[in-house]
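Report on the following structure.
None of the values given here were measured: they were computed from a predicted structure. Within every chain, numbering begins at 1; the chains are lettered A, B, ... in the order of the sequence lines, protein sequences first and strands thereafter.
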There are 2 protein chains.
Amino acid sequence: MGVTKTQMFTEEQNDLAQFFKVLGHPARVAILQYISKQNTCICNDLVEEIGLAQATISQHLKELKSIGLLKGEVEGKSMCYCINVERWSIIQNQLNTFFNTTKSNCC
Amino acid sequence: MGVTKTQMFTEEQNDLAQFFKVLGHPARVAILQYISKQNTCICNDLVEEIGLAQATISQHLKELKSIGLLKGEVEGKSMCYCINVERWSIIQNQLNTFFNTTKSNCC
DNA sequence: TTTTAATATTGCAATATTACGATATCAATG
DNA sequence: CATTGATATCGTAATATTGCAATATTAAAA
């Protein structure tokens, strides 16, 4: 049905999946990589750099913000989007915990 | 359009996003966690454990296999799905490299 | 060789995601 | 206050994903 049966899973499973899902689009990976290379980053740069429409980039930024990976500050007319380094580390740790605790001991 | 413009991105970006995407569903997270707890794992166990239909579980298993995270061996009438530990580590490393190299030096 | 049990595949229906044009908003500037 | 520039939001079209019933496949058991 295209509807994920969220209620069947634990909160941990849903959270993990949500992080993975947000990172699961090449445009969002590219946005993060680009922001990481710049000292200042405004959405308009991204539109030129990534090559998607402004509305589309804005939407992707919104999703990245939704899990706290980005924070944006208003700077005059434009926005300054930055990686939220603390959150970044927290999420990296959570994903690593998942990888480390999920180990095979199968046949 | 619901169509990701894959050709706009680097192979690295597409690969990374693909890994994240496959992990971005709670059922698939749950499947991996369950397999990791069991010594033997057949699809039928999962159907009972996860509570989705057999066809649905089978589909999720297929996606996990598509990025090499799972490998399945025929064992009589049933399948034994195992985590591919080598691949698992490789992917974990790739994701960590992404996290570590993508750092903020913003405003 | 028929039956049975386990898994895969097919074919939908429902919902979600992606992308973008058109607008709205909002702050600085004239 | 009107204009301009940057970003957000809305509406919508196209495509993707999720889930399942029905069916196919396949290997062991009868």
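If you measure from atom CG of A/Asn44 to atom C1' of D/dT4, you get 13 Å, rounded to the nearest angstrom. Put simply, CG on A/Leu46 is 14 Å from P on C/dA19, counting in whole angstrom units. One can place NZ of B/Lys77 at 10 Å from P of C/dT4, the figure rounded to the nearest angstrom. Distance B/Glu73 CD to D/dA27 P: 15 Å, rounded to the nearest Å. One can place NZ of A/Lys65 at 9 Å from C1' of D/dT7, the figure rounded to the nearest angstrom. Rounded to whole angstrom, the span from the CG atom of B/Leu61 across to the C1' atom of C/dA8 amounts to 11 Å. What separates CD of B/Glu63 from P of C/dA8 is a distance of 13 Å, to the nearest Å. In this entry the distance linking OH of A/Tyr81 with P of D/dA6 reads 15 Å, nearest Å.
Ring geometry for A/Phe20 against A/Phe99 counts as perpendicular: the plane angle is over 60°, on a 0 to 90° scale with 30° as the lower cut.
In this structure, A/His60 does not reach the C/dT17 phosphate: none of its side-chain N or O atoms is under 4.0 Å from OP1 or OP2. The side chain of B/His25 places no N or O atom within less than 4.0 Å of a non-bridging phosphate oxygen (OP1 or OP2) of D/dA16.
Environment of CD in A/Glu11: sparse, with no more than 12 heavy atoms of neighbouring residues, nucleotides or ligands closer than 6.0 Å. Heavy atoms from other residues, nucleotides or ligands lying under 6.0 Å from CD of B/Glu86 number 12 at most.
Without hydrogens or angle criteria, A/Ser58 side chain to A/Gln54 main chain gives no donor-acceptor distance under 3.5 Å.
Of the two residues near DNA chain D, B/Val74 and B/Gln54, the one whose nearest nucleotide lies more 5' is B/Gln54. When the nearest nucleotides of DNA chain C are assigned to B/Thr56 and B/Lys21 by heavy-atom distance, the more 5′-ward of the two goes with B/Thr56. Residue-to-nucleotide proximity on DNA chain C shows that, of A/Ala53 and B/Gln59, the 5′-proximal contact is made by B/Gln59.
By the 4.5 Å heavy-atom criterion applied to side chains, B/Gln38 and B/Glu49 are not counted as neighbours.
Nucleic acid contact class of A/Ile57 (heavy atoms, under 4.0 Å, all strands): none. Counting any heavy atom pair closer than 4.0 Å across all strands shown, B/Ala55 reaches a base atom. Using a 4.0 Å heavy-atom cutoff across all strands shown, B/Ser78 reaches sugar-phosphate atoms only and no base atom.
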